[in-house]
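Working notes, beginning with the structure itself.
Throughout, a chain's letter reflects where its sequence line sits, starting with A, and its residues are numbered from 1.
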2 protein chains.
Amino acid sequence: MSTAGKAQAIGVDRMRTSALARDLNFLLARANALALAAANTALAEHGLKPRSYSVLALAADDVLPTQRELAEFLRLDPSQIVAIVDELEKRGLVERHPDPSDRRANVVVATEAGRALFARAQKSTRAVERALKAAVPPEERERLGELLRQLAFRE
Amino acid sequence: MSTAGKAQAIGVDRMRTSALARDLNFLLARANALALAAANTALAEHGLKPRSYSVLALAADDVLPTQRELAEFLRLDPSQIVAIVDELEKRGLVERHPDPSDRRANVVVATEAGRALFARAQKSTRAVERALKAAVPPEERERLGELLRQLAFRE
DNA sequence: TATTGTTATACTCTATAACTATA
DNA sequence: TATAGTTATAGAGTATAACAATA
């Protein structure tokens with residue numbers, strides 16, 4: 001019979017050689033889970049989360065995105081962007097500026113305080129990123145970023 | 001002043017050249033979001049989700065994991081594994097077998113029906129994976145998997 | 001008629017603590 | 001005393017639909 005008669009547990013290590021551990025979807029999910037956990041910890045001391053950090057980053061980088069553009073780029077629902085921008089605005093980190101070319105749209109711009117906080121938060125996330133990248137050989141890190149960019153921005 | 005006076009929206013395209021788009025955490029999150037959405041669609045026709053698919057995969061691969069080992073490997077809380085195994089067991093896809101070496105532990109084993117469903121679901125996820133990998137040059141795909149494995153399993 | 005931002009709501013996911021049975 | 005599995009629950013995250021203002 002195919003369901004093993006005596007089912008004895010094995011160690012977690014052996015799971016790493018399973019077919020699932022070669023699955024791209026699974027590897028992406030696990031790598032992302034590890035990175036997310038580390039980023040959450042690093043950003044918490046600045047009162048940010050990965051989501052709000054991303055919005056603040058684009059605002060502080062003078063990208064001048066509308067809320068809709070933020071939603072599309074960050075793959076979030078527009079209504080979620082509302083909540084994130086609300087909170088950042090309440091804390092004086094970003095402002096909603098009317099888009100002169102479309103009065104329906106708000107362009108999200110960082111304040112001085114927002115830029116200062118972002119600069120500090122960025123230091124924390126860069127430390128996390130270095131720790132994450134430590135798992136791959138130095139000469140491969142550039143390539144990893146390039147390959148991930150192709151995955152993340154394929155259309 | 002640093003907050004741009006006339007805030008005019010730009011296209012989403014320009015966000016791709018922003019500093020955020022070079023952030024490893026962000027790239028992982030976005031690539032994972034894309035892969036997850038595709039996997040969700042592909043697995044839905046089999047009544048599975050990425051989580052339950054992963055548990056079924058390990059059970060069908062005769063890895064003989066305990067629930068605790070599943071929790072650790074999949075980075076989920078043990079109580080979440082309970083719910084997933086409950087559902088798979090109710091559908092006759094897996095069984096809980098007592099671990100002879102530790103009567104507290106359950107080893108999760110796939111039934112014949114579970115193996116059959118997994119084989120079908122795996123075909124769907126492999127198609128998703130091929131579509132995802134199409135974004136990177138063929139000669140780089142092996143390396144991408146290897147690098148992601150290092151990220152996902154660094155300790 | 002379509003789109004931007006907004007509000008409201010329901011649903012899923014996640015995190016936590018407490019309990020039981022075994023070790 | 002510690003661990004595997006379970007249960008319950010609250011909080012965070014996500015998805016959806018409907019609405020007002022503007023295009």
Side-chain angles (χ1 to χ4, degrees), chain A residues 7-12 29-30 32-34 36-37 39-41 43-44 47-55 64-90 94-109, chain B residues 7-12 29-30 32-34 36-37 39-41 43-44 47-55 64-90 94-109:
Chain A
Q8 179 135 10
I10 51 89
V12 172
R30 199 177 203 275
N32 181 52
L34 286 169
L36 201 60
N40 259 312
T41 305
L43 289 172
L48 294 171
K49 295 177 187 179
R51 301 272 162 83
S52 47
Y53 173 80
S54 295
V55 169
L64 301 182
T66 66
Q67 294 187 195
R68 175 148 294 271
E69 287 166 344
L70 286 171
E72 187 181 342
F73 190 65
L74 301 177
R75 298 191 64 78
L76 299 175
D77 192 86
S79 64
Q80 294 173 46
I81 301 292
V82 172
I84 295 169
V85 174
D86 275 355
E87 200 230 322
L88 292 175
E89 196 170 42
K90 220 168 283 175
V94 304
E95 289 169 355
R96 286 171 161 99
H97 288 200
D99 183 345
S101 70
D102 185 344
R103 279 189 298 162
R104 292 174 305 182
N106 295 329
V107 163
V108 180
V109 183
Chain B
Q8 179 135 9
I10 52 88
V12 171
R30 199 178 203 273
N32 182 53
L34 286 168
L36 201 61
N40 259 312
T41 305
L43 289 172
L48 294 171
K49 295 177 187 179
R51 302 272 163 84
S52 47
Y53 174 81
S54 295
V55 170
L64 301 183
T66 65
Q67 295 186 195
R68 174 149 295 272
E69 287 167 344
L70 286 171
E72 186 182 341
F73 191 65
L74 301 177
R75 297 190 64 78
L76 298 175
D77 192 88
S79 64
Q80 293 172 47
I81 301 292
V82 172
I84 295 169
V85 174
D86 275 355
E87 200 229 321
L88 291 175
E89 195 170 42
K90 219 169 283 173
V94 304
E95 289 169 354
R96 285 171 159 95
H97 289 201
D99 182 345
S101 69
D102 184 342
R103 278 189 299 163
R104 293 173 305 180
N106 295 329
V107 163
V108 181
V109 183

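B/L76 has its side chain within reach of B/I84: a pair of non-hydrogen atoms, C-beta onward, lies under 4.5 Å apart. For the pair A/R96/A/D86, a side-chain contact is recorded, criterion being any heavy-atom separation below 4.5 Å from C-beta on. Looking only at side-chain heavy atoms (C-beta outward), A/L34 and B/R75 come within less than 4.5 Å of each other.
For the pair A/D77 CG and C/dT7 C1', the interatomic distance rounds to 12 Å; values are reported in whole Å. Per the geometry, CG belonging to A/N32 stands 11 Å off P belonging to C/dT14, to the nearest Å. Between B/D86 atom CG and D/dT7 atom P there is a gap of 7 Å when expressed in whole angstrom units. The CD-C1' distance, from B/E89 to D/dT6, rounds to 13 Å in whole Å. Following rounding to the nearest Å, A/R104 (CZ) and C/dT4 (P) show an atom-to-atom distance of 6 Å. In this structure, the CG atom of B/L76 is 14 Å from the P atom of D/dG5, given to the nearest Å. Whole-Å rounding puts the B/Q67 CD to C/dT22 C1' distance at 15 Å. What separates CG of B/L74 from C1' of C/dT14 is a distance of 15 Å, to the nearest Å.
In this structure, A/R68 reaches the C/dT4 phosphate: one of its side-chain N or O atoms is under 4.0 Å from OP1 or OP2. Phosphate contact (OP1/OP2 of C/dT22, side-chain N/O of B/R103, threshold under 4.0 Å): absent. An OP1 or OP2 oxygen of C/dT6 is reached within less than 4.0 angstrom by a side-chain nitrogen or oxygen of A/R96. Put simply, A/K49 has a side-chain N or O that comes within less than 4.0 Å of OP1 or OP2 on D/dG13. At the phosphate of C/dT6, neither OP1 nor OP2 sits under 4.0 Å from any side-chain N or O atom of A/Q80.
If you check every strand for non-hydrogen atoms under 4.0 Å, B/N106 touches sugar and phosphate atoms only. Note on B/D99: nothing from the nucleic acid sits closer than 4.0 angstrom, heavy atoms only.
The nearest pair of heavy atoms linking B/A105 to B/T66 is CB-CG2, 4.0 Å. Closest of all the heavy-atom pairs between A/L88 and A/S52 is CD1-O, 3.8 Å.
Contact of A/S79 with D/dT16 (side chain to base): a donor-acceptor pair of N or O atoms is detected under 3.5 Å.
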